[in-house]
Structures are given as C-alpha cells and as structure tokens.
Protein chains: 2
Amino acid sequence: MNFLPTLRELVKTFQAFDTYSGRHIRSLGLTTSQFDVIATLGNTQGMSCREIGEKTLMVKGTLTGVLDRLEKKGLLTRQEHPEDKRSFLIAMTPKGQALFEKVFPAHLQYLEAAFGPLGEETLLALEKQLKTLRRALEVSSQD
Amino acid sequence: MNFLPTLRELVKTFQAFDTYSGRHIRSLGLTTSQFDVIATLGNTQGMSCREIGEKTLMVKGTLTGVLDRLEKKGLLTRQEHPEDKRSFLIAMTPKGQALFEKVFPAHLQYLEAAFGPLGEETLLALEKQLKTLRRALEVSSQD
DNA sequence: ACTATATTGTACGCATTCGTACATTTTACG
DNA sequence: CGTAAAATGTACGAATGCGTACAATATAGT
C-alpha cells in the first residue's frame with residue numbers, strides 16, 4: 001500500500017492553506033495563532049485557557065505565550081475565575097473586540113475566495129475523507 | 001458556502017498525523033524535520049540545499065538550522081559543490097547512512113499500520129480531493 | 001474528612017518556522 | 001563584454017510548537 005503520495009499531498013495542502021491564510025493575517029498585523037484566539041474569543045463573554053485550546057487546537061503550553069502577547073497588546077484580559085481558583089476567565093477588551101470585528105469578516109471573505117469555487121459537494125467529500133484518515137491515525141495512536 | 005468544517009478537519013487531520021508520526025520519530029532520537037532530511041538523503045550521492053528543500057517542503061532558512069544540527073551530530077557533511085560555488089553538496093556520512101537504514105524502514109512500517117487499513121481507493125480519492133483544494137489555494141495566491 | 005488522583009495553567013528548554021536582509025555567485029540580456 | 005536580475009545559502013529576530021516538570025487547586029473514592 002503506497003500511502004506516501006497521499007501523505008505528501010496532505011502536507012502540501014496544509015502548507016498551501018497556511019501560506020495563503022497567513023499572508024493575509026500578517027498584513028493585518030497578527031500571527032495565525034493570535035488571529036485564531038481573537039476569532040475564538042470574539043462575540044463571547046470569555047472562556048478558560050482550556051476551552052480556547054480546544055477550539056484553536058493549540059496545546060496549553062503554546063497558548064500561554066500567545067495569550068501573554070495579546071494581553072500585552074491590550075487586546076484581552078485574564079480575570080480571576082469565580083468558580084475555580086486554578087483558572088482564569090480570558091476575555092476580549094473593547095479594543096480586542098473592535099479588532100475582531102474588523103479582521104474576522106475580512107479574513108473569512110479572503111478565504112471564501114479560495115474555498116468558495118470548490119462547491120459544497122467537494123468540500124463535504126473532502127471533509128469526510130479527512131475524517132476517515134484522522135480516525136485511522138487516532139485509533140493507531142492508542143497502541 | 002460553509003467551508004470552515006472542512007478547514008478545521010484539514011488542520012485536525014494534519015495534527016493527528018504529526019502527533020502520530022512524531023511520537024515514533026522522537027523515540028528514535030530525532031525530530032520530524034531531521035527525519036525528513038535523513039529520509040531524503042538516504043541511498044543517494046547527496047544533493048544541494050535547494051533540492052532537499054523541494055523534497056522536504058522546508059524553506060531554505062529553516063533548513064540551514066536543521067542541517068547544522070545534523071552536521072554537528074556527524075550524520076551528514078557539506079562539501080563544496082564543484083560546479084557552483086554558491087552551493088554545497090550535502091551528503092550522508094556512513095554513520096548517517098547507517099541511521100537511515102535503521103530508522104527509515106521502521107518508520108514506514110509504523111505509518112503503514114495507520115494508513116494501510118484505509119485501502120488504496122480511499123487513499124487515492126483523498127489525494128485527489130486534497131490536490132483540488134491545494135490548486136484552488138495556489139490559484140488564489142497569485143492575486 | 002482524607003487522601004490519591006486529575007485538572008488547570010505556567011515555566012522552561014529545545015527545535016522549528018517564517019520573513020527579511022544580506023553576501024556571493026551565476027545567469028540573462030542588451 | 002558588462003551589467004541588471006536571479007539564484008543559492010546564511011544570519012537574524014520574533015513567534016510558535018511541543019514535551020516535561022511544576023505549583024496550586026479541585027475531584028473522586030474510600
């Protein structure tokens with residue numbers, strides 16, 4: 001079973017997306033990780049570091065540094081969590097929310113230009129195939 | 001057109017592969033990038049930095065550091081290129097070649113355990129779908 | 001209630017990743 | 001031939017990304 005071409009294509013496609021998306025995000029003055037956090041926190045009342053990690057697919061160790069920089073930029077705050085003293089409620093500042101409202105729709109539109117022409121059927125088929133591969137990897141991981 | 005689920009699945013699948021593959025490579029005492037270089041140079045007479053970059057999908061700036069560490073480990077050498085004074089012929093040492101012969105088949109077999117069960121049809125279909133998406137991203141990148 | 005275990009987030013070290021700038025050399029073109 | 005443009009690899013700074021260890025707190029099992 002020669003899976004290497006498929007594997008190589010997975011990596012190339014991921015990189016192509018990263019390059020395409022990253023170029024636009026950088027022009028907005030952000031990194032990809034920073035944008036992902038802002039996109040996650042926008043229009044919410046805030047959430048814990050764990051929740052942000054689940055949604056952005058970042059591990060907590062990475063997230064600490066990303067949140068530090070966004071906090072230093074004045075885009076978010078870490079407040080004490082009332083129910084759990086280990087945790088923090090991480091929420092956007094007005095400045096952060098304003099940035100979200102500016103960059104999030106703009107980036108979605110930018111991505112739409114690339115993904116839109118593919119059509120819904122192609123996107124759904126691809127999503128399904130990817131999920132099949134991911135499950136195979138996760139099952140094998142359990143050994 | 002809601003492409004976000006497909007996009008998220010692409011990232012999750014890539015990460016699942018990276019986690020699965022990386023765990024094994026780390027147990028062999030290497031990083032993913034180092035393994036990719038060794039897998040590329042194994043059983044060859046050596047090649048330029050540019051060629052390695054094309055095959056491993058690493059940009060040259062990244063490659064410099066990875067090659068530095070592999071050279072320091074005594075796994076490869078940088079010789080002067082006879083035809084082009086800007087370039088180097090990067091080739092494995094006997095120690096590097098021996099490592100290649102040990103880890104490359106082992107890792108292929110490890111990956112086979114995850115990819116094999118998918119079957120050839122699924123892999124080919126996924127490769128084709130990915131290529132469609134990648135071309136859409138590359139076309140949009142030209143603007 | 002007590003204690004072993006799990007969860008939450010940070011600290012740290014190491015290696016990558018990328019963009020930009022740069023020196024050197026090669027190529028293309030007039 | 002001579003020069004502008006391109007190619008090759010390195011240097012550098014900033015920011016991930018990840019594994020491990022760690023302190024503080026919460027939860028579960030007894």
Side-chain angles (χ1 to χ4, degrees), chain A residues 11 14-38 46-54 56-73 75-90 141, chain B residues 11-12 14-38 46-54 56-73 75-90:
Chain A
V11 177
F14 176 78
Q15 286 195 353
F17 161 71
D18 204 55
T19 299
Y20 178 71
S21 173
R23 170 183 321 168
H24 183 238
I25 289 175
R26 217 174 318 111
S27 78
L28 300 170
L30 294 170
T31 67
T32 298
S33 299
Q34 291 169 3
F35 176 86
D36 286 348
V37 170
I38 287 173
M47 58 189 78
S48 70
C49 180
R50 178 182 61 76
E51 284 178 293
I52 297 176
E54 283 169 2
T56 62
L57 307 176
M58 273 183 261
V59 297
K60 57 187 180 180
T62 303
L63 212 39
T64 297
V66 176
L67 295 178
D68 284 348
R69 278 164 224 117
L70 290 173
E71 193 174 17
K72 191 177 291 184
K73 286 188 182 186
L75 299 174
L76 56 78
T77 58
R78 281 191 256 223
Q79 309 159 38
E80 283 187 12
H81 198 295
E83 318 224 335
D84 190 333
K85 291 188 179 174
R86 296 169 302 180
S87 185
F88 299 96
L89 183 67
I90 299 162
S141 276
Chain B
V11 177
K12 286 176 74 169
F14 175 78
Q15 286 195 353
F17 162 71
D18 204 54
T19 299
Y20 178 70
S21 173
R23 170 183 322 170
H24 184 237
I25 290 175
R26 217 175 317 112
S27 79
L28 300 170
L30 295 169
T31 67
T32 297
S33 299
Q34 290 170 2
F35 176 84
D36 287 348
V37 170
I38 287 172
M47 60 188 77
S48 69
C49 181
R50 179 183 60 74
E51 285 177 293
I52 297 176
E54 282 169 3
T56 62
L57 308 176
M58 274 183 259
V59 296
K60 56 187 179 180
T62 303
L63 212 40
T64 297
V66 176
L67 295 178
D68 284 347
R69 277 164 224 115
L70 289 173
E71 193 176 16
K72 191 177 292 184
K73 286 187 183 187
L75 299 174
L76 55 80
T77 59
R78 280 191 257 223
Q79 308 159 38
E80 282 187 12
H81 197 295
E83 318 225 335
D84 190 333
K85 291 188 180 174
R86 298 169 301 181
S87 185
F88 299 95
L89 183 67
I90 299 162

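Values reported hereafter were calculated over all heavy atoms of this structure, with side chains retained and with hydrogens, waters and symmetry mates removed. Letters A, B, ... are given to chains in the order of the sequence lines, protein chains preceding strands, and every chain is numbered from 1.
If you take CD1 of B/I90 and C1' of D/dT10, they are 12 Å apart, rounded to a whole angstrom. Rounding to whole angstrom units, CG of residue B/L67 and C1' of D/dA11 are separated by 15 Å. Here the C1' atom of nucleotide C/dC18 and the OH atom of A/Y20 are 19 Å apart, to the nearest Å. Rounded to an integer number of Å, the gap from A/R78 CZ to C/dG9 C1' is 9 Å. Rounded to an integer number of Å, the gap from A/D68 CG to D/dA14 P is 16 Å. Atom CE of A/M47 and atom P of C/dT8 are 15 Å apart (whole Å). To the nearest angstrom, P of C/dA15 lies 14 Å from CD1 of B/I38. Protein atom CD1 of B/I25 is 15 Å distant from nucleotide atom C1' of D/dG19, rounded to whole Å.
A close approach under 4.0 Å does not occur between any side-chain nitrogen or oxygen of A/T62 and OP1 or OP2 of D/dG17. For C/dT16, one of the phosphate oxygens OP1 or OP2 lies less than 4.0 angstrom from a side-chain nitrogen or oxygen of B/T31. OP1 and OP2 of D/dG9 both lie 4.0 Å or more from every side-chain N or O belonging to B/R50. Between C/dA15 and B/R26, no contact under 4.0 Å exists linking OP1 or OP2 to a side-chain N or O. Applying the 4.0 Å criterion to OP1 and OP2 of D/dT16, one finds that A/Q34 has a side-chain N or O inside that range. Look at A/R69 and you'll find a side-chain N or O under 4.0 angstrom from OP1 or OP2 of D/dT16.
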N/O contacts under 3.5 Å, protein versus nucleotides 24-28 of chain C?
residue	atom	partner	partner atom	Å
C/dT25	O2	B/R86	NH1	3.4
C/dT26	OP1	B/K85	N	3.1

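In this structure, B/S33 reaches the sugar-phosphate backbone alone: every heavy-atom distance under 4.0 Å involves primed, P, OP1 or OP2 atoms, never a base. When heavy atoms are screened at a 4.0 angstrom cut-off, A/S87 is found touching the sugar-phosphate backbone but no base atom. When heavy atoms are screened at a 4.0 angstrom cut-off, A/T32 is found touching no nucleic acid atom at all.
A heavy-atom distance below 4.5 Å is not found between the side chains of B/S33 and B/T62. In this structure, the side chains of B/L76 and B/V37 come closer than 4.5 Å at one or more pairs of heavy atoms.
Scanning all heavy atoms of the two residues, the minimum distance from A/G46 to A/L89 falls at C-CD1, 3.6 Å.
Of the listed nucleotides (C/dT10, D/dG9, C/dT17), D/dG9 has the atom at the smallest distance from the side chain of B/T64.
We find the CZ-CG distance between B/R69 and B/L30 to be 13.0 Å, quoted to the nearest 0.5 Å. Taken to the nearest 0.5 Å, the CD atom of B/Q34 stands 10.0 Å off from the CG atom of B/L67. Expressed to the nearest 0.5 Å, how far CZ of B/R78 lies from OG of B/S48 amounts to 12.5 Å.
When each of B/Q15 and A/K73 is assigned the nucleotide of DNA chain D with its nearest heavy atom, A/K73 is the one assigned upstream, toward the 5' end. Of the two residues near DNA chain C, A/L63 and A/D18, the one whose nearest nucleotide lies more 5' is A/L63.
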* Let me see the working for B/I52 and B/M58 under side chain to side chain contact (heavy atoms under 4.5 Å, CB included), right down to the final yes or no. => CA-CA 8 Å; B/I52 297 176; B/M58 274 183 259; 5.9 Å; no
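Remark: A/E80 CD is loosely packed, at most 12 non-hydrogen atoms of other residues, nucleotides or ligands lying under 6.0 Å away.
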